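Beneath this line is the structure, given in structure tokens, with notes to follow.
Each residue takes its place number in the sequence, starting with 1. For clarity, every value in this text was computed on a predicted model and none was experimentally measured.
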Amino acid sequence: MKKLVVSTILVLALSMSFVSCRETAEKAKDAASQAEEALEETGNDLKEAGEDAMDKAKEAGESMKEAGEKAIDSAKEAGENALDSAKEAGEEAMDKAKKIGEDVKNATKEAADKISQ
């Protein structure tokens, strides 16, 4: 009878260990599947983050381009205004020089007239 009980316990222990190993293997497969899914989700998230970063960089580049164009336009306008101001100042200087030349001419003429009288 002892042999029968010991044999039964031994068979029961062996069957439990095989069932336990099978359950462990199934749990390991489930864990591997979950890890694979998590890695796929992480990969997708990283891909989306990369695309968002590229979009933001593109928007920033466009904004910088627009700012550069505005700066160029402002500089061009300022240069044109400076040229206009310089032209006006030059014209005023020429007008004053002409007036001074005419005054000198008139004064010389008057002096010559006084001397000849």
Side-chain angles (χ1 to χ4, degrees):
M1 182 85 165
K2 284 183 177 182
K3 287 184 179 181
L4 181 63
V5 171
V6 171
S7 296
T8 306
I9 292 174
L10 183 62
V11 169
L12 184 61
L14 283 174
S15 66
M16 291 289 262
S17 68
F18 284 125
V19 169
S20 176
C21 288
R22 190 177 325 149
E23 287 176 2
T24 303
E26 287 176 8
K27 287 181 183 178
K29 284 182 183 179
D30 289 342
S33 296
Q34 289 176 353
E36 183 180 351
E37 289 175 9
L39 284 173
E40 284 180 16
E41 287 180 24
T42 302
N44 290 337
D45 290 345
L46 287 173
K47 182 180 176 183
E48 287 177 18
E51 289 172 354
D52 289 344
M54 288 297 292
D55 290 342
K56 297 291 183 189
K58 186 176 179 181
E59 288 174 13
E62 289 173 0
S63 295
M64 289 176 65
K65 180 182 174 185
E66 289 174 10
E69 289 172 352
K70 287 180 182 178
I72 288 171
D73 290 342
S74 295
K76 187 177 180 181
E77 186 177 324
E80 289 172 356
N81 289 341
L83 284 174
D84 289 341
S85 296
K87 183 179 176 182
E88 288 176 16
E91 288 173 355
E92 287 177 16
M94 287 297 293
D95 290 342
K96 287 182 182 179
K98 282 182 185 178
K99 186 170 188 310
I100 291 171
E102 288 176 12
D103 289 345
V104 169
K105 181 181 169 184
N106 290 337
T108 305
K109 189 176 181 182
E110 285 178 18
D113 285 343
K114 285 185 183 179
I115 294 177
S116 60
Q117 288 180 3

Worksheet item: Does some side-chain heavy atom of Lys99 sit less than 4.5 Å from a side-chain heavy atom of Asp95?
Response: no

Fill in: salt bridge (charged side-chain N to carboxylate O under 4.0 Å, His left out) partners for Asp84, two or more places apart
none

Worksheet item: To the nearest 0.5 Å, how far apart are NZ in Lys105 and CD in Glu102?
Response: 7.5 Å

Return all side-chain donor-acceptor pairs below 3.5 angstrom for residues 59-71, not counting sequence neighbours, or 'none' if the list is empty.
| unit_1 | atom_1 | unit_2 | atom_2 | d |
| --- | --- | --- | --- | --- |
| Ser63 | OG | Glu59 | O | 3.1 |

